[in-house]
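These numbers were taken from a predicted model, which means no experiment stands behind them. Within every chain, numbering begins at 1; the chains are lettered A, B, ... in the order of the sequence lines, protein sequences first and strands thereafter.
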Protein chains: 2
Amino acid sequence: MGTTQLEPVPEPKYWHLKTVIGEALDSDFAVGEILPNERELAARFGVARATLRQALEQLELEGRLQRRRGVGTTVAPPRVGVDVSTSPNDWPGAAGDTWQAVGCSPAVPPAAVARVLDTEGDEPVHIVRRLLVSHGQPVATELVYVPGTSVPDLSGIDAPSGATRARGVLRELQRLPLEGQDRAVELGSARADDARELDRLPGAPVLVVTTRYFSEGRTAIASVATYRADTCRLTFGDSGDLEIRHDGRRRAS
Amino acid sequence: MGTTQLEPVPEPKYWHLKTVIGEALDSDFAVGEILPNERELAARFGVARATLRQALEQLELEGRLQRRRGVGTTVAPPRVGVDVSTSPNDWPGAAGDTWQAVGCSPAVPPAAVARVLDTEGDEPVHIVRRLLVSHGQPVATELVYVPGTSVPDLSGIDAPSGATRARGVLRELQRLPLEGQDRAVELGSARADDARELDRLPGAPVLVVTTRYFSEGRTAIASVATYRADTCRLTFGDSGDLEIRHDGRRRAS
DNA sequence: GAGTGGTCTAGACCACCGA
DNA sequence: CGGTGGTCTAGACCACTCT
């Protein structure tokens with residue numbers, strides 16, 4: 001990546017920069033390699049740092065770069081495919097579920113959640129917090145909203161909160177007949193607490209997967225899962241190795 | 001939304017701004033209403049315009065605002081749910097498909113696509129371009145990559161290119177037995193051509209849905225669909241009215 | 001032409017990380 | 001501590017849309 005002068009083109013500088021750097025990433029850098037710092041890069045391309053940052057932001061959004069404050073900018077590995085297929089027609093916490101229960105506490109759900117649960121707006125539900133770790137990295141957090149009516153018998157569970165109780169609530173859930181589910185995916189930005197757990201800054205782009213689980217003709221539970229959009233690719237169906245966007249990347253030495 | 005002074009807090013100004021404006025959106029504005037312009041808002045909150053823009057960008061990313069150059073910033077309607085469920089186990093272009101075929105031309109697919117299609121890297125395929133319109137707005141573009149071997153008999157199709165040929169290729173596809181499909185969703189940024197069709201600027205955030213269709217033990221076709229991330233919520237399953245993220249929005253008068 | 005959002009600059013300081 | 005990316009400023013000019 002030499003001292004490339006950007007020829008004057010009608011397209012925005014940051015867009016052109018993104019293309020140029022993106023190509024350099026494919027040809028001159030290996031996964032995990034550290035890029036020159038932003039001030040240096042900006043000087044090299046003859047643009048202000050803010051302009052350069054706009055290009056890097058886009059590349060990070062596309063999962064091609066990873067930036068960490070105090071450390072530097074590195075070439076990101078390909079996105080990890082996370083299976084969110086509906087085929088394991090199971091409740092959260094079923095056998096084979098790879099999420100880690102983190103905690104559980106009773107609370108009044110947000111109004112929008114209460115609405116899909118068909119509960120009263122001020123009726124507290126069990127909120128189970130879970131974390132999904134893949135390749136040693138946290139990739140998603142989830143809040144599972146469980147109305148008391150869906151787990152009527154919690155007598156066997158001593159723990160008042162925490163991971164143990166979370167697992168207990170999810171275990172209790174397995175006794176309900178699951179009749180179907182309903183899912184939506186949309187773009188969001190990480191709330192402060194999610195961001196902390198996902199090792200990102202607040203506002204980082206995330207894929208929000210909202211699921212409704214039906215049992216006995218009503219919505220038994222609802223869950224909102226938040227996936228890191230920069231590092232994840234959500235997969236539906238049997239094969240998680242579908243990769244179609246980028247190529248030509250070398251592996252780290 | 002008065003001349004609110006931001007109290008000095010440890011969190012970034014733009015983050016706090018986003019919260020404040022977001023709340024004002026819920027309580028003081030109707031869908032479709034125009035906000036004061038950026039210079040005015042920045043002055044009101046006592047911040048630089050760039051800082052204000054950072055907040056607006058986040059709100060736009062979350063689908064709560066819509067900004068158009070030369071026009072202004074308006075309050076966005078709730079995201080439209082787009083059904084991408086796998087249940088209509090059908091090829092693209094099957095009966096009931098609401099996409100509009102735009103064109104079709106032979107071309108060598110990108111290397112990454114050729115790989116999943118199991119074709120030679122330099123073998124041209126039919127590339128069908130389609131557009132999905134919802135509520136009068138274009139919400140997605142799609143490229144369907146069809147190897148010649150999947151539509152061996154195109155003799156009935158006169159049109160050399162264009163929408164007519166696109167429909168012909170898709171019609172021919174229906175004769176193949178569909179054995180399954182495979183899907184992935186990830187975040188991307190709009191290429192220049194997609195952006196134009198979606199009425200957005202290049203680099204706008206999009207949800208990229210990549211699908212592989214299997215027939216007779218191999219990948220018969222592949223498709224890459226690009227949805228506007230700001231206005232769309234992808235839904236899987238029977239109910240497209242699942243909305244769980246925001247509430248309290250009034251309707252435009 | 002007037003007014004909007006989009007791009008860009010050249011600085012400054014802050015928060016965080018690792019040696 | 002020095003170096004990194006993150007935040008913020010106060011300007012300027014451009015591209016676009018409406019009237």
- Message: If you assign each of A:Trp15 and B:Arg69 to its closest nucleotide in DNA chain C, which residue comes earlier from the 5' end?
- Response: B:Arg69

- Item | Protein-nucleotide distance (A:Lys18, atom NZ; C:dG6, atom P), rounded to Å | 17 Å

- Item | Nucleotide C:dG5, atom C1' - distance to CZ of B:Arg200 in whole Å | 11 Å

- Query: Can you tell me how far C1' of C:dC8 sits from CD of B:Gln54, to the nearest Å?
  - Reply: 15 Å

- Task: Look at the side chain of B:Arg49 and the base of C:dG6, then say whether one donor and one acceptor between them are separated by less than 3.5 Å.
- Result: yes

- Item | Contact under 4.0 Å: A:Asn37 side-chain N or O vs D:dT4 OP1/OP2 | yes

- With a 3.5 Å cut-off and just heavy-atom distances, do the side chain of A:Arg68 and the base of D:dG6 make a donor-acceptor pair? no

- N/O (side chain, A:Arg67) to phosphate O (OP1/OP2, D:dG6) under 4.0 Å: yes

- Just checking, any donor-acceptor pair under 3.5 angstrom between side chains of A:Ser189 and B:Glu62? yes

- Task: Quickly work out the A:Ile34 CD1 to D:dG3 P distance and round it to whole Å.
- Result: 15 Å

- A:Glu38 CD to C:dC16 C1': how many Å, rounded? 14 Å

- Item | side-chain N/O A:Tyr14 vs C:dT7 OP1/OP2, d < 4.0 Å | yes

- Task: Indicate whether OP1 or OP2 belonging to C:dT7 is found under 4.0 Å from a side-chain N or O atom of A:Thr51.
- Result: no

- Message: Which nucleotide wins on minimum distance to the side chain of B:Arg39, given the candidates D:dC8, D:dG5, C:dG6?
- Response: C:dG6

- Options D:dT7, C:dC13, C:dC8, nucleotide nearest the side-chain atoms of A:Lys13: C:dC8

- Parallel, tilted or perpendicular: which fits the ring planes of B:Phe236 and A:Phe236, with parallel below 30° and perpendicular above 60°? parallel

- Task: Whole angstrom is fine here: how far is it from CG in B:Leu201 over to P in C:dT4?
- Result: 18 Å

- Query: Between A:Leu17 (CG) and C:dT7 (P), how many Å, whole number?
  - Reply: 13 Å

- Query: Above 12 or not: heavy atoms from other molecules or residues under 6.0 Å from CZ of B:Arg49?
  - Reply: yes

- Does a side chain donor of either A:Ser223 or A:Glu142 reach within less than 3.5 Å of an acceptor in the other side chain? yes

- A:Arg53 side chain, from C-beta outward: closest of C:dC8, D:dG5, C:dG5: D:dG5

- If only atom types and distance count, is the side chain of B:Arg44 paired as donor or acceptor with the main-chain N or O of B:Arg39 below 3.5 Å? no

- Is A:Leu56 touching bases, backbone alone, or none of the nucleic acid, heavy atoms closer than 4.0 Å? nothing

- Task: Please determine if a side-chain N or O atom of B:Thr73 lies less than 4.0 Å away from the OP1 or OP2 oxygen of C:dG5.
- Result: yes

- Just by distance, with hydrogens left out, do B:Arg183 and B:Thr211 show a side-chain donor and acceptor under 3.5 Å apart? yes

- Item | Closest-nucleotide ordering on DNA chain C, the 5'-leading residue of B:Val71 and A:Val71 | B:Val71

- Query: To the nearest Å, how far apart are B:Gln66 CD and C:dT4 P?
  - Reply: 18 Å

